[in-house]
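None of these values were measured; they are calculated from a predicted model. One is the number of the first residue; the rest follow in order along the sequence. Note that these values count all heavy atoms, side chains included, but never hydrogens, waters or copies made by symmetry.
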Amino acid sequence: MLRAGTLTDAPPNVYLKDGKFTGFDNDLLTAVAGKLGLKVEFVGTDFSALLSQVNNHKFDVGSSSITITEARKKTVDFGNGYDFGYFGLDVPAGSPIKGFDQLTGKRVVVVQGTVQDDYATGKQLDPVRVPDYNGAINQLKAGTADAWIAPAEIGEKSAADSNGKISVAAKQLSPAPTAYAVAKGSDKLREALNKALDEVIADGTWSRLQAQYYPGRPIPADFKPGSGTVAAPSASASAAS
């Protein structure tokens with residue numbers, strides 16, 4: 001059994017549906033674990049606590065679209081990257097904000113401890129930090145924030161589900177891939193996950209889940225999932241096989 005810490009409210013990456021943890025990251029982890037003969041027990045937590053909970057062995061793995069950063073490497077070890085990400089800029093409907101270069105002096109909300117928090121802090125935007133995605137969405141709907149820097153797919157789904165109250169103003173490619181987190185020194189587990197990840201890339205599972213959760217999203221030419229030594233078949237090819 002692999003015990004994985006994840007979030008309940010960040011579709012399409014990680015979320016609860018009908019009482020079951022699902023989403024691209026979690027379905028991929030289930031497939032990876034399957035190659036190792038393991039089942040996954042998912043447990044919901046806050047992102048701000050997830051990495052420390054992984055490192056103190058409350059969870060074997062962190063699964064939550066976690067972007068690899070140098071700061072986070074001080075807390076946990078990362079497997080190979082399995083996805084790329086975009087930053088999305090969500091704003092209240094009718095907002096004049098059209099881009100990331102228009103945020104100075106605005107009330108910008110981020111989820112605490114995320115790479116979007118790092119970005120906003122690095123740009124000296126003095127962001128308002130909330131514990132989860134629902135908190136950010138509620139700030140936009142209530143008009144208490146001018147913008148939310150979000151993982152783009154989560155931001156796009158939140159806008160689509162907002163009944164016209166939220167729109168996506170812009171998006172840009174995130175500078176690093178996302179990966180599963182394990183406790184410092186968990187080399188055997190990390191290496192096993194990396195090997196199994198390459199297997200689910202090679203057998204078409206990765207491509208199928210990409211097409212399922214991110215329909216129509218182009219994959220950047222320079223992004224190679226996993227170790228980079230195995231080719232990912234196209235979703236149409238893997239669906240036909």
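Grouping the Ile, Leu, Val, Met, Phe, Trp and Tyr side chains by contacts below 4.5 angstrom, directly or via other members, places V61 apart from L51. Linking Ile, Leu, Val, Met, Phe, Trp and Tyr whenever their side-chain heavy atoms come within less than 4.5 Å leaves Y214 and I66 in two separate clusters. The cluster map of Ile, Leu, Val, Met, Phe, Trp and Tyr, joined by side-chain heavy atoms under 4.5 Å apart, puts F42 and V182 in the same cluster. If you chain together hydrophobic residues whose side chains sit under 4.5 Å apart, L197 and V14 never meet in one group. Transitive grouping of hydrophobic side chains (ILVMFWY, heavy atoms separated by less than 4.5 Å) keeps L7 and F21 in distinct clusters.
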Could you go through D132 and F47, starting from their C-alpha distance and side-chain angles, then the distance that decides it, and tell me whether this counts as side-chain contact (heavy atoms from CB on, under 4.5 Å)? CA-CA 7 Å; D132 56 34; F47 189 84; over 6 Å; no

Going through the checks in order, is the side-chain contact (heavy atoms from CB on, under 4.5 Å) test met by Y82 and V32? CA-CA 11 Å; Y82 60 78; V32 167; over 6 Å; no

Output, in order, the C-alpha distance, side-chain angles, deciding distance and verdict of salt bridge (charged side-chain N to carboxylate O under 4.0 Å, His left out) for K195 and E199. CA-CA 7 Å; K195 182 173 181 289; E199 291 175 19; 3.1 Å; yes

Evaluate T178 against F84 for side-chain contact (heavy atoms from CB on, under 4.5 Å), listing each step before the verdict. CA-CA 6 Å; T178 61; F84 55 96; over 6 Å; no

Can you check side-chain contact (heavy atoms from CB on, under 4.5 Å) on K184 and V76, steps first, answer last? CA-CA 5 Å; K184 281 282 189 188; V76 293; 5.6 Å; no

Given side chain to side chain donor-acceptor pair (under 3.5 Å), test D198 with S227 step by step and report yes or no. CA-CA 7 Å; D198 275 358; S227 66; 2.5 Å; yes

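In this structure, L16 CG and T8 OG1 are separated by 5.5 Å, a value rounded to the nearest 0.5 Å. Summarising the geometry, atom CZ belonging to F59 is positioned 11.0 Å from atom OG belonging to S64; distances are rounded to the nearest 0.5 Å. Rounded to the nearest 0.5 Å, atoms CG (L193) and OG (S186) are 9.5 Å apart.
Under the side chain to side chain donor-acceptor pair (under 3.5 Å) criterion, T6 pairs with N26, not counting sequence neighbours. Every residue two or more places apart in sequence or in another chain that forms a salt bridge (Lys or Arg N to Asp or Glu O under 4.0 Å) with R217 is listed here: D83, E153. Taking the salt bridge (Lys or Arg N to Asp or Glu O under 4.0 Å) definition, one finds that K165 meets it with nothing, sequence neighbours left out. Annotation: side chain to side chain donor-acceptor pair (under 3.5 Å) contacts of T22 (sequence neighbours excluded): D27, Y213. In this structure, D60 has no side chain to side chain donor-acceptor pair (under 3.5 Å) partners at least two apart in sequence or on a different chain. Residues forming a salt bridge (Lys or Arg N to Asp or Glu O under 4.0 Å) with K73 (at least two apart in sequence, or on another chain): E70. Under the side-chain contact (heavy atoms from CB on, under 4.5 Å) criterion, L38 pairs with L2, A33, L36, not counting sequence neighbours. The salt bridge (Lys or Arg N to Asp or Glu O under 4.0 Å) check on D187 picks up R190, with sequence neighbours excluded.
Across every non-hydrogen atom of P233 and G204, the tightest pair is CG-CA, 3.6 Å. For the residue pair P92 and S167, the shortest heavy atom distance occurs at O-OG, 4.3 Å. A183 and H57 get closest at one heavy-atom pair: CB-CE1, 3.4 Å. Here the closest non-hydrogen pair linking G79 and A179 is O-CB, 3.4 Å. Across all non-hydrogen atoms, the minimal contact from L50 to S63 is CD2-N, 4.5 Å. In plain terms, the two heavy atoms of L140 and A145 that are nearest each other are CD2-O, 3.8 Å.
Residue pairs meeting the salt bridge (Lys or Arg N to Asp or Glu O under 4.0 Å) criterion with at least one member in residues 111-123, sequence neighbours excluded: D117-R129. Listed by first then second residue, pairs satisfying salt bridge (Lys or Arg N to Asp or Glu O under 4.0 Å) with a partner in residues 31-56 read R3-E41, K35-D203, not counting sequence neighbours.
Within the 4.5 Å cutoff, the side chain of P220 has heavy atoms near those of the L173 side chain. At a threshold of 4.5 Å between non-hydrogen side-chain atoms, the residues T67 and F78 do not count as touching. The side-chain heavy atoms of Q53 and T45, taken from C-beta on, include a pair separated by under 4.5 Å. Between Q112 and V130, the closest side-chain pair of non-hydrogen atoms is not below 4.5 Å. Using a 4.5 Å heavy-atom cutoff, the side chains of P151 and Y86 are not in contact.
Under the 3.5 Å distance criterion, the side-chain polar atoms of Q102 are matched with a main-chain donor or acceptor of K98. In this structure, the side chain of Y180 engages the main chain of L29 through a donor-acceptor pair within 3.5 Å. The backbone N or O of Y133 sits less than 3.5 Å from a side-chain atom of D9, completing a donor-acceptor pair. A donor-acceptor pair under 3.5 Å is absent between the side-chain atoms of W206 and the main chain of L28, judged by distance alone. In terms of modelled atom types and a separation under 3.5 Å, the side chain of D25 and the main chain of S65 share a donor-acceptor contact. Of the possible polar contacts, none joining the K188 side chain to the G185 backbone as a donor-acceptor pair under 3.5 Å is found.
Residue V115 is found in a hydrophobic cluster whose other members, listed by chain and number, are F87, L89, V91, I97, F100, L103, V108, V110, Y119, L125, I149; membership requires side-chain heavy atoms under 4.5 Å apart, directly or through intermediates.
Residues N55 and T75 bring no donor and acceptor atom of their side chains to less than 3.5 Å of each other.
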N/O donor to acceptor pairs below 3.5 angstrom from side-chain atoms of residues 154-161, sequence neighbours left out:
| from | atom 1 | to | atom 2 | distance (Å) |
| --- | --- | --- | --- | --- |
| E156 | OE2 | K171 | NZ | 3.3 |
| K157 | NZ | D161 | OD2 | 2.7 |
| S158 | OG | I154 | O | 2.8 |

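For D126, the CG atom counts as loosely surrounded, since its 6.0 Å shell holds 12 or fewer non-hydrogen atoms of other residues, nucleotides or ligands.
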